[in-house]
Amino acid sequence: MSLSFTGKVAVVTGAGAGLGRSHAKYFAEHGAKVVVNDLGGSVAGTGGSAKAADQVVNEITDAGGIAVANYDSVASEEGGANIIKTAVDHFGGIDILINNAGNVRDKSFRKMDLNDFTALIDVHLMGAVYCTKAAWPIMLEQRYGRIVHTTSAAGLFGTHGHTNYSSAKIALVGFMNALKQEGTSKNVLVNCVAPMALTRMTEEVMSPKLAPKMKPEYVTALMGWLCSEENTLAGEIIEAGMGYYSKVQISEAPGYIFKGDEVPSAEQIGEHWREISDMTGALPYSGADDLIRAVFGKLKSVS
Ligand code: NAI
């Protein structure tokens, strides 16, 4: 199997450094025309410069690829719209959107200024929403699209000092779960990737010794697969890095049903905690409707 993106147009946000740079270069090397978006700020998302995106565009074009820079911040509706417009104006459309742009402002919740909370929601969650909103009608209309949101283990499982970041990152999973209900039948597939890579964002917490093993390219290979025509899955969450690829799943336990019409007491809930929380036989559901149907089925079976 050899994947080709010839004829496809890819937008990668935050592609001026780290993972995004690697993704943009991959799609260009494999034939796509690429919009390299980056506002070129600090790791906290402050400041800005055209240099970051220009540098990556130069690397791509020097290697014989096709790319154009865009310097908008993803964190505004106009910015998101203009990023997608750049793809349409230069390359005639959009087929692939990698929502990758991100920043960090770590602090314990007690000490966190709420502006640093909303700033991260604006970039990670709303940035993905604004770009997707602009790309979505085009993808639905052409009945083809591949979108990947960049989530994080910090959101899926939690980390100290990351309430802002973790909240934004797990929100992307909810965004994907609902979007997939609207896009999958039209071949617009939305997935999430949780990367592990050594970049400027993680260099303070990762040992430089890990650099060769933590190359962004390990994550990029997964982006390639998820954004290919060959992939038909949506709603996946995949942890990726260092040669490790693993599906993450939200699943619901079989649960416990109190029989009869009496509302159980708090004490009774406590008494049955073991059954309520026993994950043996837990199931993922393809949507909330499926879950609700399953719950009604269980209730009927015991009544
Ligand atoms: P990075 O700091 O090297 O790259 C992020 C890029 O996004 C930067 O070039 C930055 O200028 C750009 N950016 C930031 N705010 C922007 C905005 N408002 N509009 C446009 N561009 C903006 O960091 P890295 O590691 O490459 O991160 C990429 C994504 O992966 C982020 O969403 C990050 O949260 C996520 N991630 C990374 C992990 C890792 O191990 N490196 C772990 C989990 C998630």
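Every number for a ligand or one of its atoms is a count from 1 in the order of the listing. Atoms considered below: every heavy atom in the structure, side chains included; atoms not considered: hydrogens, waters and symmetry mates.
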Practice task
Collect the protein residues that have a non-hydrogen atom under 4.0 Å from ligand 1 and hand them over in chain and number order.
Solution key: Gly14, Ala17, Gly18, Leu19, Asn37, Asp38, Leu39, Gly40, Gly41, Asp72, Ser73, Val74, Asn100, Ala101, Gly102, Val123, His124, Thr150, Thr151, Ser152, Tyr165, Lys169, Pro195, Met196, Ala197, Thr199, Arg200, Met201, Thr202
Practice task
Only one of Lys107, Lys169, His124, Arg105 passes side-chain contact (heavy atoms from CB on, under 4.5 Å) with Asn164; say which it is.
Solution key: Arg105
Practice task
Please work out whether the ring planes of Phe5 and Tyr26 are parallel, tilted or perpendicular, with thresholds of 30° and 60°.
Solution key: perpendicular
Handout entry: Heavy-atom side-chain contact between Tyr245 and Glu239 under 4.5 Å
Key = no
Problem - Ile66-Val9 co-clustered via ILVMFWY side chain contacts under 4.5 Å - result: yes
Quiz: residues 69-76 side-chain donor-acceptor pairs under 3.5 angstrom, not counting sequence neighbours:
| residue | atom | partner | partner atom | Å |
| --- | --- | --- | --- | --- |
| Asn70 | OD1 | Asn37 | ND2 | 3.0 |
| Asn70 | OD1 | Asp72 | N | 2.9 |
| Asn70 | ND2 | Asp72 | OD2 | 2.9 |
| Asn70 | ND2 | Thr86 | OG1 | 3.1 |
| Tyr71 | OH | Asp54 | OD1 | 2.4 |
| Tyr71 | OH | Asp54 | OD2 | 3.4 |
| Asp72 | OD2 | Asn82 | ND2 | 2.7 |
| Ser73 | OG | Ala75 | N | 3.0 |
| Ser76 | OG | Gly79 | N | 2.8 |

Practice task
Evaluate whether atom CD of Glu262 has more than 12 neighbouring non-hydrogen atoms of other residues, nucleotides or ligands under 6.0 angstrom away.
Solution key: no
